[in-house]
Amino acid sequence: MTLLSTFVPRCYITNVEVDVSTLNEEEALDDHPPLLPACAIPVVHLRDVPDSSPFPLHERAPHPTDFEELPVLSEGEQHTLAATPAHPAGLYALYASYLFGNLVEQLWNFAWPAALAILHPSLLPVAIVGFFTKLSVFIGAPIVGKLMDHFPRIPMYTGLNAVQVATQLISAAMVIYALKNVTSASTSTVVLKPWFIALVAAGAIERLAGLALGVAMERDWVVLLAGTNRPVALAQANAVLNRLDLLCETVGASVFGLLLSKYHPVTCLKIACGLMICSFPVLVILGQVINKFSCHALDSSRTLSDESICADLLDVRKIVQNGLSAIRNGWNEYKQQTVLPASVATVFLNFNVALAPGAIMTALLMHRGISPSIVGAFSGLCSIMGLVATFISSSLVERVGILKAGAAGLIVQASLLSVALIVYWTGSISQRTPLLIFLAAIALSRLGHMSYDVVGTQILQTGVPASKANLIGGMEVSISSLAELVMLGMAIIANDVSHFGFLAILSVSSVAGAAWMFCQWLGNPTDEQRELFMFDPHFQVEAI
């Protein structure tokens, strides 16, 4: 009261007409509930009305010294704050959990197809497992994402890890059983065996749980720990997660390949099972450590309505109804997002299965008589470019903002893949110079691809509300799986290597379409987009 009493007690209301002639006391009291006896009724006296001269705002009136200076961060301090995570200790614990869990997952992703290839020479068993895995993600990702948005983070994290480890162990047991008991048999006989059907079912559930964990960490947890209003720190965190993912992908395959070269496949699978069993308690403990180090930022209180939604979603009697409802609800929410073009661009990039390191590219090069050493060097160079891109992307976000960084990544990828397509159609890649240009253009395009992968994730992290992060992320994964299924069907139809040019045109067209869509979205912003990215340099320059 002492501080407030120092202000000059002059308050003016001018040119206001109040008609109280028709209001009586009874009408005034009838419209209001009775007051409690302890409530004091303030009385306002409208006597001593001062003069109506305007208040001299331009003159310096006496005021307390406490309000003379307001603290304002300098540009350097603002940059430092933007680059400082909100919970750095929790973020480092998240890195440890992501590294350990992803390493075991990538090891298993390499182990099961390698074991099936040893068991049966045909590619059909692996293709069938892969097809139903993509199909399960397409159907199940929306409902899992919705469930994750209405369920506490730590219990959901623990449950998903338990499901993933259990299904990995079931899959490993089925493969071990087959390696011990199945002799040479026809492909149709193998795929109809009970152990193979169990493998398909367990593999589909395992992949869905793994992707759900990835969405939770990459779209929800990292945003809370780095800070939504700290774009540089969030960009650096996304880059670290991508580096860890690339590292685990390389190390997991290398470790199991090394084990496979020294031991029997059954022994290797038993070692993998031991790692899976050990991983579960470690991951659970790390989840608790993340929450503790982040001052319990991951704790999420749930209302009664949320609990009822969870119970309804978990009702096995309504699984089909809930699944269709989740897909419909997820699609409606997905298409209403302000950052929809950025997400659709990510989906379009999944159509590029030809001009990228993978099975189709490897088959093309081997068919053209390219040395296996060159094929291996090409794959290694693509991995290196992806790793370099994670460093470039965070620096690019810091310099030009996430929107222009995303556009740059897509334009670079589309341009270099266009060069590769031109080289393929105009020159024989069996010759040394055209081959090197072709492979170099594809490898360098991974810079743009991985840069947008990091930046696009951050755009969605910024634009999607936290309450819908898992639902929208699951929906995007579902649609991306559909895109991969479509391209898988195209590859099956155009299965001859001579049709590679057709697949290459589709790949370049999809990437160019993604770049065009994103640039159109960036060049014609809506008011919601401007408000959402008000601190992005692109809109700050326009405002000036």
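Please read all numbers here as calculations on a predicted model, not as lab measurements.
Expressed to the nearest 0.5 Å, how far CG of L94 lies from NE2 of H87 amounts to 12.0 Å. Atoms OG1 and CG, on T390 and D245 in that order, are 11.0 Å from each other to the nearest 0.5 Å. Residue Q458 holds its CD atom at 10.0 Å from CD of Q236, rounded to the nearest 0.5 Å. In this structure, I139 CD1 and F132 CZ are separated by 10.0 Å, a value rounded to the nearest 0.5 Å. One finds the CG atom of L107 at 6.5 Å from the CG atom of L275 (value rounded to the nearest 0.5 Å). For the atom pair CG of L103 and CG of L244, the computed distance is 10.5 Å after rounding to the nearest 0.5 Å.
Checking S480 against N350 by side-chain atom types alone, a donor-acceptor pair falls below 3.5 Å. Residues S343 and E476 bring a donor and an acceptor atom of their side chains to less than 3.5 Å of each other.
At least one side-chain heavy atom of L269 sits less than 4.5 Å from a side-chain heavy atom of V175. At least one side-chain heavy atom of L160 sits less than 4.5 Å from a side-chain heavy atom of M148. When side chains are defined from C-beta on, F293 does not count as touching L225, because their heavy atoms never get closer than 4.5 Å. You'll find the side chain of L365 reaches within 4.5 Å of the side chain of L439, heavy atoms only. Looking only at side-chain heavy atoms (C-beta outward), V511 and F348 stay at 4.5 Å or farther from each other. Looking only at side-chain heavy atoms (C-beta outward), M361 and F378 come within less than 4.5 Å of each other. Residues L283 and Y98 are not in side-chain contact: their nearest non-hydrogen atoms beyond the backbone lie 4.5 Å or more apart. In this structure the side chain of L199 never reaches within 4.5 angstrom of the side chain of I170, judged on heavy atoms.
For the residue pair A297 and N291, the shortest heavy atom distance occurs at N-OD1, 3.7 Å. When all heavy atoms of A389 and L447 are compared, the pair lying nearest together is CB-O, 3.4 Å. The nearest pair of heavy atoms linking A504 to L421 is CB-CD1, 3.7 Å. Residues L147 and M156 approach most closely at CD2-CE, 3.7 Å, considering heavy atoms. Minimum interatomic distance between L355 and S507 (heavy atoms only, all atoms of both residues): N-OG, 4.1 Å. Between Q413 and S445 the shortest heavy-atom distance is CG-O, 3.7 Å.
Using modelled atom types, one side-chain atom of D149 and one backbone atom of L471 make a donor-acceptor pair closer than 3.5 Å. Side-chain atoms of N238 come within 3.5 Å of backbone atoms of L234 as a donor-acceptor pair (strictly under, hydrogens ignored). For S395 (side chain) and I392 (main-chain N/O), no donor-acceptor pair under 3.5 Å exists by modelled atom type. Under a 3.5 Å cut-off, the side chain of D453 and the backbone N or O of H449 do not form any donor-acceptor pair. Checked by atom type and distance alone, the side chain of S393 never pairs as donor or acceptor with a backbone atom of S451 at under 3.5 Å. Counting only distance, with no hydrogens or angles, the side chain of T267 and the backbone of Y263 share no donor-acceptor pair below 3.5 Å. Judged purely by atom type and a 3.5 angstrom limit, T346 uses its side chain to pair as donor or acceptor with the backbone of A342. Using modelled atom types, one side-chain atom of S136 and one backbone atom of A204 make a donor-acceptor pair closer than 3.5 Å. H264 places a side-chain N or O within 3.5 Å of a backbone atom of V266 that can act as its donor or acceptor partner.
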Stepwise side chain to side chain contact (heavy atoms under 4.5 Å, CB included) test for F256 and C268:
CA-CA 7 Å; F256 193 82; C268 297; 3.8 Å; yes
Apply the test side chain to side chain contact (heavy atoms under 4.5 Å, CB included) to residues L241 and V222: give CA-CA distance (whole Å), side-chain angles for both, the deciding distance (0.1 Å), then the verdict.
CA-CA 9 Å; L241 292 180; V222 70; 4.1 Å; yes
Passes side chain to side chain contact (heavy atoms under 4.5 Å, CB included), K134 versus R207? Steps please.
CA-CA 8 Å; K134 298 296 182 184; R207 191 82 300 271; over 6 Å; no
Given side chain to side chain contact (heavy atoms under 4.5 Å, CB included), test E105 with C248 step by step and report yes or no.
CA-CA 9 Å; E105 181 179 323; C248 292; over 6 Å; no
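The aromatic rings of F438 and Y424 lie tilted to each other, with the angle between the two planes from 30° to 60°. Note: W221 and Y157 have tilted aromatic rings, judged against thresholds of 30 and 60 degrees for the angle between ring planes.
Surrounding OH of Y177 are at most 12 heavy atoms belonging to other residues, nucleotides or ligands under 6.0 Å away.
For the pair R243 and F391, the cation sits on the ring face: its NZ or CZ lies under 6.0 Å from the ring centre, inside 45° of the axis.
Ion pair E333/R328 not flagged as a salt bridge, since none of the NZ, NE, NH1 or NH2 atoms sits closer than 4.0 Å to an Asp/Glu carboxylate oxygen.
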